[in-house]
Amino acid sequence: AADDTDAQYRSIELRKEPWVTIETWPHVAPAPAVIVATNGQRAYLPQTTANGLGLNTGFDTSVFPKISVLDLENWNHNRAEHIPLPERDQPVGLPWDAALARDDGELWVVNAASNDLSVLDISDPTRAQRRAHIQVGDNPRGIVLHPDGSRAYVNNVLAGTVSVIDANRYAVTDVITVTNIPLPPVLLNGKRLFHSSARPDLAQAGWISCNTCHIEGEHDGRTWQLQYIGDVPAGTANTLTRNTTSLLGMIETYPLRWSAEWDESADSEFSIRFEQFGSGLITGEMFPTMGPPNQGRSYDLDCLAAYIDSLILPNRTHPL
C-alpha cells in the first residue's frame with residue numbers, strides 16, 4: 001500500500017504542468033465558460049469573435065459566434081475542430097455555456113442572446129453536425145445534464161426560470177419558476193431587451209444584442225471601423241474608427257458616444273437599426289440622434305433607455 005501511494009504521488013508530480021497560455025482567435029471576447037471532455041483531451045470554449053478591423057457593413061460581418069476547441073494533450077488551439085455555430089446550426093447570438101452529453105459525442109451550447117440551445121453531434125470532431133435547436137427562456141446562461149443523460153436543465157437568468165429538457169426528444173417538458181427578479185417592470189423589460197437578439201425588431205437573424213459589445217454594460221475592448229450613415233461631412237473619410245465605450249455611469253456624461261452624437265439614451269434606436277440591423281422599436285422612422293426626442297415614441301425603447309441610464313459605476317473601497 002505504501003508503494004502504491006508513493007507511485008500515485010510520483011505520477012501526480014510528473015503530470016503537473018506549469019501555467020500555459022493558449023491563444024485562440026484574435027479579437028475574441030473572453031470565454032464565459034470552459035468545458036473539459038471526460039478524458040481530459042479536449043476543452044470547448046463558447047466565444048464571440050469581433051471583426052473590428054474589417055468594415056462593419058452587415059450583421060453577419062460584425063461578430064461571429066463559435067466554439068473554440070483546445071487540444072489539452074498538446075496544449076494548442078485546434079483550429080481544425082472549431083465550430084462556427086451559424087454554419088453548423090443556424091444564426092445564434094452570444095454562446096455562453098455548454099455541456100457534453102452521450103459520452104462526449106454531443107455538445108449542448110447555450111446561446112444567451114438568442115435564447116436558445118444548439119445541440120451538435122461532435123462524434124466526428126472535424127465535422128460537427130446539428131442534432132437539434134431548442135428555444136428556452138430569457139438570457140440562458142447555464143446548463144447541466146442529469147447524470148443519467150436523460151434530462152438537461154437550463155438556467156434562464158432574466159426569466160427567473162429553469163427549462164427542463166428531455167434529452168432524448170430534444171424538447172422542453174417543463175419550465176420551473178425559481179425566483180421573482182427584484183426589478184421594477186420597466187427596468188426588467190429594458191434589461192431583457194438589452195441582453196436579447198431574439199426578436200427581429202432588435203436584431204437581424206438573432207445575431208447581435210446590445211450586450212454582445214457592451215458585456216454587462218461594459219465594453220469589449222475593441223476598436224471598430226464604422227461607416228457613416230447619411231451624408232459624409234465635407235473633407236471627411238466615409239469611415240469612422242471608434243472604441244466601444246463602457247455604459248456604466250453614462251447618464252452622467254451626456255451627450256453620448258465618442259463623437260457626442262447622441263443626446264439621449266433613447267437614441268439607442270440608431271444602434272438597433274444600423275449596428276444590430278433590427279427593424280427598430282419605433283414604428284416608422286426614428287428622429288435624428290441630435291434632433292427631436294426619440295424618447296416617448298416606444299414603450300420598449302423607453303424601457304431600454306431607462307435600463308441603460310440605470311447602469312452605475314460599482315462602489316470601490318480603497319485601503320487607507
Side-chain angles (χ1 to χ4, degrees), residues 32-33 46 92-99 108-119 133-147 150-167 169-203 206 208-218 246-251 265-266 268-269 271-272 276 278 281 295-316:
V92 296
L94 213 57
W96 198 267
D97 195 14
W108 291 52
V109 183
V110 174
N111 303 305
S114 49
N115 299 342
D116 48 25
L117 300 179
S118 300
V119 183
H133 189 92
I134 306 169
Q135 292 297 135
V136 288
D138 292 302
N139 199 220
R141 292 200 179 197
I143 180 171
V144 295
L145 278 94
H146 192 278
S150 64
R151 297 183 298 281
Y153 302 89
V154 176
N155 179 17
N156 305 306
V157 171
L158 291 182
T161 64
V162 170
S163 296
V164 182
I165 300 168
D166 184 322
R169 295 190 292 121
Y170 305 109
V172 176
T173 58
D174 196 10
V175 178
I176 303 170
T177 298
V178 294
T179 187
N180 292 314
I181 300 173
L183 281 177
V186 166
L187 290 184
L188 179 56
N189 186 46
K191 188 171 185 177
R192 287 171 174 164
L193 293 166
F194 183 87
H195 286 82
S196 179
S197 64
R199 293 173 19 179
D201 54 354
L202 290 170
I208 307 171
S209 68
C210 301
N211 197 55
T212 300
C213 297
H214 297 281
I215 299 291
E216 311 308 331
E218 276 282 2
S246 171
L247 305 182
L248 305 186
M250 191 175 71
I251 195 172
S265 293
S268 298
E269 178 78 356
S271 287
I272 290 171
Q276 298 172 206
L281 298 177
Q295 185 175 0
R297 302 184 63 200
S298 158
Y299 172 74
D300 278 349
L301 182 60
D302 288 351
C303 290
L304 176 60
Y307 172 70
I308 292 172
D309 284 343
S310 76
L311 298 172
I312 61 174
L313 290 167
N315 291 324
R316 293 184 172 89

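For this chain, numbers begin at 1 and follow the sequence in order.
In this structure a side-chain-to-backbone donor-acceptor pair under 3.5 Å is missing from Asn155 to Val162. Side-chain atoms of Ser310 come within 3.5 Å of backbone atoms of Tyr307 as a donor-acceptor pair (strictly under, hydrogens ignored). Distance alone, capped at 3.5 Å, is enough to place a donor-acceptor pair between the His214 side chain and the Glu218 backbone. Side chain of Gln135 to backbone of Asn115: a donor-acceptor contact under 3.5 angstrom is found. Put simply, the side chain of Thr179 never gets that close to the backbone of Ile181: no donor and acceptor are under 3.5 Å apart. A donor-acceptor pair under 3.5 Å is absent between the side-chain atoms of Gln276 and the main chain of Ser271, judged by distance alone.
Annotation for Ile176: atom CD1 counts as buried by contact number, over 12 foreign heavy atoms lying within 6.0 Å.
Heavy atoms only, all atoms of each residue included: Pro46 and Ala33 are closest at CD-O, 3.2 Å. Of all heavy-atom pairs between Asp97 and Ile143, the closest is OD2-N, 3.2 Å. Minimum interatomic distance between Leu158 and Leu188 (heavy atoms only, all atoms of both residues): O-CD1, 4.2 Å. Contact record, Ile272 with Leu202: CG2-O, 3.7 Å, taken as the closest heavy-atom pair.
Donor-acceptor pairing under 3.5 Å is recorded for the side chains of Asn156 and Ser163. Side-chain contact of Asp166 with Thr173: a donor-acceptor pair under 3.5 Å is absent, judged by distance alone. Under the 3.5 Å distance criterion, with hydrogens and angles disregarded, a donor-acceptor pair is assigned to the side chains of Ser209 and Thr212.
Taking 4.0 Å as the cut-off between side-chain N and carboxylate O, Arg199 and Asp300 count as a salt-bridged pair. Between Arg141 and Glu216, at least one side-chain N (NZ, or NE/NH1/NH2) sits under 4.0 Å from a carboxylate O, which counts as a salt bridge.
With rounding to the nearest 0.5 angstrom, the CD atom of Glu269 is 7.0 Å from the OG atom of Ser298. The CG atom of Leu187 sits 11.5 Å away from the CD1 atom of Ile308 when rounded to the nearest 0.5 Å. Annotation: the span from Leu304 atom CG to Cys210 atom SG amounts to 5.0 Å, rounded to 0.5 Å.
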Worked verdict on Asp116 versus Asn111 for side-chain hydrogen bond (donor to acceptor under 3.5 Å, both in side chains): CA-CA 5 Å; Asp116 48 25; Asn111 303 305; 3.0 Å; yes
